[in-house]
Amino acid sequence: IYEPVNQLAGMEVKGMEKLSDNAIYSNMLAAMDQIDCAILSNANFEHVIELLFSHLPTFVPCSLVSVSQLDKDPTDETAMQVLTLDGKRHQFAQLLDRQVRKMLSADPNGILLETSDTYPSLAPLYALKAERLLMLPVYRDAELSAVLTISFNIDVPITEEIRRIARYFADRLGVALTLVVRAKSLYYQENFDAVTMLPNRRACRERLASEISRAHRYQLQVAVMYISLDGFKKVNDVAGYVGGDAVLKQVGQRIRTHLREADLVSRFGDDEFIVILPDASGASGVSKVAQKLIEFLSQPFKYDEDAYYLNASIGISVFPEDGLVVDALIQHADTAMTRVKAKGYSQFMFHEAQMNSLAINRLALERDLRQALIKDELFLQYQPQIDLFSDKIVGVEALVRWRHPIKGVIPPMEFIAIAEESELIGQLGHYVRKVACKQFRLWQDAGIAPNRIALNISSKEFKRENFVDDFLALLAETGVQPTSIELEITESLLLDIGNQVTASLQHLRKQGVLIAIDDFGTGYSNLGYLVKLPFDVLKIDRIFVAEIGKSSENYEIVSVIIDLAHQLRKTVCAEGIEDETQLAFLKERGCEVAQGYFLSKPLSVEDFEKFALQKLR
Ligand code: C2E
Ligand code: MG
Ligand code: MG
């Protein structure tokens with residue numbers, strides 16, 4: 001309960017009406033109510049300062065009011081807000097003297113300074129014609145965290161009442177600050193991720209909801225990018241959680257700095273981030289952003305002198321095309337991301353309508369695939385690999401297909417990923433290798449076998465502990481020499497290439513197995529690893545081959561890859577040759593082996609035999 005402010009009644013002050021005791025008392029209560037209300041309702045410190053600025057001069061005959069917030073670190077500059085009674089506002093950067101701080105910390109009742117006390121930090125106030133300063137400490141959790149300064153003309157007596165009112169306002173500020181900080185930290189805990197300091201899952205969803213309604217109103221497109229880091233687990237394994245956190249923080253910063261202010265970057269999961277582009281101007285703009293992010297995230301991250309390489313897979317959904325609500329958009333971006341990941345290299349993909357049904361059918365497909373292995377629904381096709389100089393078949397790649405009882409023939413891109421995720425890949429891979437090796441042995445016996453048979457190995461499978469032993473056992477069982485085998489691995493295997501993988505590759509090569517890097521150029525393409533990795537053949541992905549004859553730049557990419565491989569003393573095999581121009585170009589650039597529809601589509605056993613016999617003739 002606050003007592004009436006007797007002294008103020010009848011006092012002649014500029015800007016103040018003469019009021020009766022009662023009137024001042026009830027005004028005072030009203031002001032307090034208003035301030036308390038403000039503190040409790042929105043805990044906005046700025047707003048409390050506004051109220052203080054508007055009320056204090058009506059109760060205290062002052063010429064200037066100022067509030068400065070202090071930082072914990074006494075050397076930090078902090079802002080000082082000043083109101084002069086002519087209604088003008090001023091803002092100063094202030095460095096509060098250590099000495100003044102010390103005095104304020106010691107005395108909750110504040111200090112009274114005269115103009116003669118020259119403290120440099122008070123200079124801006126004196127410059128505003130402050131004559132006598134009453135400074136009150138504002139405590140938050142018993143610590144000096146702000147200062148309320150009230151200035152009086154020299155002839156105003158600083159009474160006990162004035163001090164008491166001032167003290168009251170200073171206390172209010174303290175409460176407000178405490179609540180603000182608490183609310184802030186609560187807000188922070190609820191909405192921000194402690195590691196990256198980025199908005200968290202919850203904040204992301206909230207923001208997406210508001211962007212959706214805005215986009216709805218203004219007929220905009222909103223893009224949701226689901227970013228997943230490949231290879232992050234390795235960072236944790238090597239650098240520990242502290243290192244992992246440090247790298248995650250860098251990832252967050254890197255994404256943040258390469259986007260516009262209006263875009264939201266949030267940490268959505270362990271190694272997953274979501275970016276919201278509130279005004280996505282068509283697919284090409286969004287793909288540019290995605291491409292840029294993939295590029296920047298492929299640069300190494302440093303921690304403790306070590307460099308870590310991560311890879312980003314990005315799935316994208318767009319409002320309104322891919323969904324009208326938060327859940328649908330995030331889920332669709334996630335599905336798209338999973339598909340990118342399934343390909344095993346860093347890329348981005350948009351959600352498409354079929355993708356959705358694919359996800360829904362995924363479970364059914366996994367169940368069917370289990371059956372397919374039992375019911376013998378998988379079969380192989382064989383695509384010849386042609387030596388560009390002798391025009392002979394030097395190899396044949398075994399490609400798996402699935403004859404689904406209802407859906408018809410399903411290409412491997414649609415079920416290999418499912419097999420990988422559901423652990424069926426081991427069984428599937430073993431089946432393919434067994435059939436292929438048996439077939440190859442038959443061709444050898446018939447005298448129509450090329451030098452080698454190429455087998456695709458999923459990274460996930462290759463990393464399994466007994467893969468190499470099991471495979472060599474299979475070769476022995478089917479009577480195929482290791483020198484007749486080429487194993488195609490993808491760049492994704494390089495992502496977490498450790499001693500184990502290198503040792504396995506070396507062991508296989510020692511036995512005479514050739515190692516080919518499949519789909520080269522679409523994935524990781526880290527030159528450092530490429531130099532270290534034991535392999536023999538580099539297969540240029542068909543997306544580069546397809547560009548031959550279309551744009552000059554990509555002619556160059558193919559040439560560069562060929563030269564690079566040759567520098568490393570590797571053989572080059574180009575995939576997906578579809579026309580004469582491409583073939584001629586590759587031949588001219590010194591590419592040794594080629595594969596593609598123009599030379600031959602993947603063939604059934606019978607058709608391959610016909611093809612081989614024709615070539616032999
Ligand atoms: P890949 O190893 O890069 O195989 C080449 C793919 O390109 C094959 O697709 C082949 O049919 C296709 N192709 C060949 N020539 C041309 C051409 O001139 N134009 C075009 N547009 N495409 C051509 P397919 O059979 O659908 O296989 C897709 C991918 O599935 C393969 O890519 C491979 O990564 C994977 N895969 C296939 N069989 C197996 C397998 O037994 N195990 C594993 N782990 N993966 C497999
Ligand atoms: Mg292949
Ligand atoms: Mg390939």
Side-chain angles (χ1 to χ4, degrees), residues 339 341-345 347 369 372-373 377-386 395-403 409-437 439-440 452-464 467 471 474 485-493 514-523 525 535-549 561 572-583 586 593-604 607-608 611:
R339 280 196 97 195
K341 255 196 149 91
K343 289 198 81 174
Y345 40 77
Q347 244 197 7
L369 188 58
L373 284 158
E377 288 167 6
L378 298 179
F379 67 100
L380 300 189
Q381 285 190 332
Y382 300 89
Q383 188 173 35
Q385 298 177 330
I386 310 293
V396 57
E397 179 174 3
L399 296 160
V400 67
R401 279 95 183 79
W402 175 10
R403 189 174 288 112
V409 175
I410 303 179
M413 287 309 274
E414 286 177 30
F415 63 87
I416 293 289
I418 293 176
E420 284 178 337
E421 283 164 35
S422 59
E423 307 292 336
L424 283 170
I425 190 70
Q427 220 180 317
L428 184 151
H430 183 78
Y431 174 83
V432 169
R433 288 189 290 277
K434 190 166 180 169
V435 173
C437 288
Q439 185 59 57
F440 193 74
R452 303 210 176 234
I453 181 154
L455 303 168
N456 292 286
I457 312 295
S458 133
S459 301
K460 198 161 175 187
E461 227 190 322
F462 192 92
K463 278 181 273 183
R464 278 206 337 222
F467 172 78
F471 180 61
L474 176 73
I485 300 291
E486 181 170 317
L487 290 188
E488 296 193 4
I489 58 170
T490 56
E491 287 173 87
S492 64
L493 187 64
L514 288 189
I515 305 296
I517 297 186
D518 205 352
D519 305 337
F520 182 77
T522 54
S525 310
F535 74 101
D536 308 278
V537 180
L538 213 153
K539 294 190 79 175
I540 304 178
D541 192 82
R542 67 167 180 273
I543 62 165
F544 298 112
V545 174
E547 292 296 326
I548 296 175
I561 296 177
V572 184
C573 173
E575 300 180 289
I577 287 136
E578 293 186 349
D579 62 42
E580 181 73 61
T581 318
Q582 295 164 352
L583 187 72
L586 289 159
V593 182
Q595 191 182 340
Y597 293 172
F598 183 68
L599 298 161
S600 167
K601 289 203 167 192
L603 304 170
S604 66
D607 288 343
F608 179 80
F611 185 84

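Only a predicted model underlies this, so the values are computations on that prediction, with no experimental measurement involved. Order of listing sets the numbers, starting from 1, for every ligand and every atom in it.
Of all protein heavy atoms, the one closest to atom 32 (O) of ligand 1 is Asp518 OD2, 4.5 Å. The protein heavy-atom contact nearest to atom 19 (N) of ligand 1 is Glu578 OE2, 2.5 Å. With respect to atom 28 (C) of ligand 1, the closest heavy atom belonging to the protein is Pro412 CG, 3.7 Å. The protein atom (non-hydrogen) at minimum distance from atom 12 (C) of ligand 1 is Arg542 NH1, 3.6 Å. Nearest to atom 13 (N) of ligand 1 among the protein's heavy atoms is Tyr597 CE2, 3.7 Å. Nearest protein heavy-atom neighbour of atom 15 (N) of ligand 1: Gln383 NE2, 3.0 Å. Protein heavy atom in closest approach to atom 42 (N) of ligand 1: Asn456 O, 3.3 Å. In terms of protein heavy atoms, atom 5 (C) of ligand 1 is closest to Glu575 OE2, 4.1 Å.
Asp519 has its closest N, O or S atom to the Mg ion (ligand 3) at the position named OD1.
The side-chain heavy atoms of Phe379 and Arg403, taken from C-beta on, include a pair separated by under 4.5 Å.
Taking a 6.0 Å sphere around CD of Gln381, one finds it holds more than 12 heavy atoms contributed by other residues, nucleotides or ligands.
Between Gln595 and Gln383, the side chains place a donor N or O and an acceptor N or O closer than 3.5 Å (distance only, hydrogens not considered).
Each of the atoms 41 (O) of ligand 1 lies under 4.0 Å from some heavy atom of Val432.
On a distance-only criterion, Val400 and ligand 1 share at least one N/O pair closer than 3.5 Å. Remark: ligand 1 and Gln595 share no N or O pair separated by less than 3.5 Å (distance only, no angle test).
Between the OE2 atom of Glu575 and the OD1 atom of Asp518, the angle taken at the Mg ion (ligand 3) works out to 90° after rounding to 10°. Annotation: angle subtended at the Mg ion (ligand 2) by Glu488 OE1 and Glu397 OE2 is 90°, to 10°.
At a threshold of 4.0 Å, the pair Glu423-Lys460 counts as salt-bridged, since one of the basic side-chain nitrogens sits closer than that to a carboxylate oxygen.
Under the 6.0 Å distance and 45° angle rule, Lys434 does not count as a cation-pi partner of Tyr431.
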